[in-house]
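Scroll down for the structure; my scribbles are underneath it.
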Amino acid sequence: MNLLTKTTAAALVAAAGATLGGQASAATICFAFQDLETEFWVAGHKAITTTLTEAGHTVIERNANEDANRQLEQVRDCIAQGVDGIIIIPQDGESAVTIVGEAQDADVPIAVFNRPPTDLSRGIIVVADNATIAEAATDYVVEEALAKASGDAKLNALIIVGDLGDPNAVGRKDGFYAAINKHADRFNVIEVASEWDAATALANLEAAVTATPDIDVMFTSSDFLFPTIRSVLEPRGMWKKTGEEGHIPLAGLDGDATACQLIKDGYVSATGVQDLYFEAESAMNAILAAIDAGETQPNQVIPDPGFALTQSNLAEREMDMWGCVLLSEGFLNK
Amino acid sequence: MSSLSARKSAPARTPAPSRRTLSDRATDLILSDYFVLYMSLAYVAALAPFLPTLLAPGNVVNVLSNMWPLLVVAIGQTFVLAIAGIDLSQGSVVALTSVVGAMLITTAADPSVLSKAPIWGVVVTEAGGPLAGMTGGILLAILAMLIVAALVGLLNGAAIAALNMPAFMVTLVSMITISAFAIWLTQSENIAQLPDPYVQLGKGDIVSVYIGAKAESQLPRREVYSFVTYAMVIALSVAVAAHILLNRTVFGRWVLSIGLNRKAAEISGVPVRRVIVAVYVISALCAAIGALLYSARLEAGRPTLGEGTFLLDVIGAAVIGGTSLFGGKAKIVWTFFGVLFFVLLSNTLNLMNLSSFQVDMVKGGVILGAALLDVLRTRLMRETRR
């Protein structure tokens with residue numbers, strides 16, 4: 001048994017077992033994802049496929065390799081194969097709208113996992129409240145930065161923005177600004193584009209830090225960029241633990257194992273947590289319920305409220321974060 | 001004499017049919033215009049018993065639907081390969097022209113997404129593009145896409161023909177530059193909210209069919225299949241026009257003669273430079289029409305269209321069809337069959353539930369096989385001519 005079947009799938013099957021096990025018949029589900037580049041997607045993929053398979057359903061997997069056209073063609077192939085339902089992780093919000101429409105026009109129920117379409121009115125959409133989660137994480141580091149600051153000096157806040165074609169990235173950026181704007185007179189904001197690509201983030205962050213070395217607070221729109229941030233800050237002597245001279249209050253969003261380790265080590269102050277297991281379970285339950293009810297065009301938005309794991313609440317809430325669960329099982333040592 | 005006429009004359013040089021050996025028949029089959037079609041049919045026949053979905057109407061519709069945009073782009077590449085060139089910039093032209101078209105006709109734009117883009121406020125506003133809602137706006141946008149593509153083709157062609165620069169290098173630089181320009185224009189964002197008539201060009205049906213008895217008063221939509229689509233009409237129109245141009249006109253003969261032997265063509269009075277420029281313009285125009293179909297089916301102009309393995313698909317389909325990488329041998333009908341086989345291949349590999357990485361590895365192997373087959377065909381053709 002691997003780490004996820006021990007904890008993730010076991011917890012999911014136990015929690016969702018009544019629902020999933022209660023399905024009238026085994027269904028064939030097409031699971032079309034855009035890629036498995038980050039810990040979040042890997043863990044989400046594993047949770048969904050393992051749980052569905054263990055519940056007796058057949059899962060047809062399709063990896064579009066970050067190609068929206070290929071994903072559209074793959075979903076069409078799934079529909080032609082006569083699948084009962086579709087779960088997708090789309091490339092972006094626009095292609096999600098097209099693919100949801102394609103499935104619903106063919107009377108196949110579809111659920112969108114985590115990365116929502118730009119139009120939320122069609123399909124089962126499971127999405128984290130990115131803005132609120134990002135705001136909570138940013139609030140924590142903003143307060144930390146203000147507490148460290150001397151007098152009324154203007155501080156530099158840096159945000160690494162995701163691909164703004166992804167509504168998740170837009171929500172996270174909005175959440176960051178909601179927190180910053182509570183102290184608008186105290187912060188200059190530097191935006192660094194990542195396009196959800198580590199190489200792009202590296203190049204742009206290096207340029208930004210070279211231009212403005214005095215960064216007082218930093219927020220990354222995704223935890224998967226922490227290693228990139230470290231590779232930029234460490235050679236410049238800016239990668240410091242909480243309490244050390246020159247520490248930059250750092251926050252992220254996702255809740256992956258790397259972020260958990262960095263919070264424990266003191267390098268990262270906070271991260272917004274998407275409840276991956278809740279989202280995976282909700283997507284599966286909703287699509288299976290629709291299939292059972294013969295509902296071909298279910299439309300529902302299932303919000304994941306999430307929370308922020310911080311240095312302050314680490315002791316109490318550590319095991320509520322999926323990345324810490326993985327970390328406790330040795331994920332980063334594999 | 002072109003290789004095409006040599007190919008046609010091959011059977012006449014063989015003895016009477018009753019005395020022809022199995023080897024002669026195999027040679028004829030390999031040299032036949034329809035070799036890839038036969039191969040596709042054999043492939044389907046071999047796999048159909050194991051993949052029941054393969055011949056399901058819904059799957060056939062998917063295969064055809066996936067063919068049309070790829071066919072249009074591959075036709076452009078066929079012209080370039082025919083002169084022993086290569087156009088690596090087609091994917092980036094697809095990206096750029098999809099953005100250009102979309103930014104002109106989008107009916108609304110979200111400032112939170114596009115306000116950082118240089119086109120914001122200049123071309124696109126919250127109310128959409130300058131041609132949004134205008135009568136004939138879509139046609140004007142398509143015209144703009146074609147003009148942009150033609151300019152790119154002109155630059156590529158001029159650099160290759162006039163400056164004698166290697167096509168690989170010129171189009172590689174174009175690919176990188178144009179792709180970056182497309183991404184810069186929108187800051188990597190997609191431009192959605194395209195008008196319905198435009199979207200219909202990529203995914204709209206002209207004729208749909210239902211296969212079965214009239215037993216129900218209401219037909220389930222998933223049992224009504226696209227039959228004739230706008231994309232099909234556009235792609236087949238381009239294919240017919242390209243077929244006439246390449247295989248029925250003096251221009252087409254010039255193209256093939258340049259591919260066979262550029263110096264001989266020059267000595268024979270072929271306007272080589274002008275033809276080369278025209279060929280790269282044709283290639284870019286085909287990429288723009290492909291962009292129209294891709295952006296319409298995806299309902300957005302996307303600066304990342306045509307990235308990844310797109311070129312592998314385009315060049316692979318043309319080469320599998322029989323167009324020679326060495327130039328001088330090309331037919332649009334070959335490209336048609338090549339695209340059919342290539343799309344079939346992707347479709348069947350998906351139906352086998354292989355991962356995208358395995359699919360790409362198999363595709364790469366098939367293209368390599370097609371390139372080896374090209375060598376074999378060329379050798380057989382030479383031997384048949386003797």
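Numbers restart at 1 for each chain; the letters A, B, ... are given by sequence-line order, proteins then strands. It should be emphasised that the depicted structure is a prediction, and the values quoted were computed from it without experimental measurement.
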Determine, using ring centers only, whether [Y] and [X] are less than 6.0 Å apart.
X: Y225(B); Y: F227(B); result: no
X: Y294(B); Y: F310(B); result: yes
X: Y43(B); Y: F341(B); result: yes

Please classify the contact between [X] and chain A as side chain, backbone, both or neither, with a heavy-atom cut-off of under 4.5 Å.
X: L51(B); value: neither
X: D110(B); value: neither
X: N353(B); value: both

Tell me which of these, [options], has more heavy-atom pairs under 4.5 Å with chain A than the rest.
options: Q187(B), R297(B), E307(B), E299(B); result: R297(B)
options: V61(B), T186(B), L114(B), N350(B); result: N350(B)
options: N59(B), N66(B), V60(B), T53(B); result: N66(B)

Ion pair [X]/[Y], N-O distance below 4.0 Å:
X: K203(B); Y: D105(A); value: no
X: E191(A); Y: K116(B); value: yes
X: K182(A); Y: E135(A); value: yes

Item checked: Between A64(A), A193(A), S95(A), C78(A), the one whose heavy-atom pairs under 4.5 Å with chain B are most numerous ->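 That would be S95(A).
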Next item on the list: Using a cut-off of under 4.5 Å on heavy-atom pairs, state which of R62(A), K173(A), Q81(A), E61(A) scores highest against chain B.
Entry: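 Maximum pair count with chain B is reached by R62(A).
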Next item on the list: Could you pull out the closest heavy-atom pair between V192(A) and A201(A), with the gap in Å?
Entry: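 Looks like CG1-O, 4.4 Å.
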Can you tell me which portion of [X] sits under 4.5 Å from chain B's heavy atoms? Options are side chain, backbone, both or neither.
X: Q91(A); answer: side chain
X: E66(A); answer: neither
X: E195(A); answer: side chain

Notebook entry, point to check: Taking the inter-plane angle between the rings of F31(A) and F33(A) on a 0 to 90° scale, is it parallel (under 30°), tilted (30 to 60°) or perpendicular (over 60°)?
Noted result: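 Tilted.
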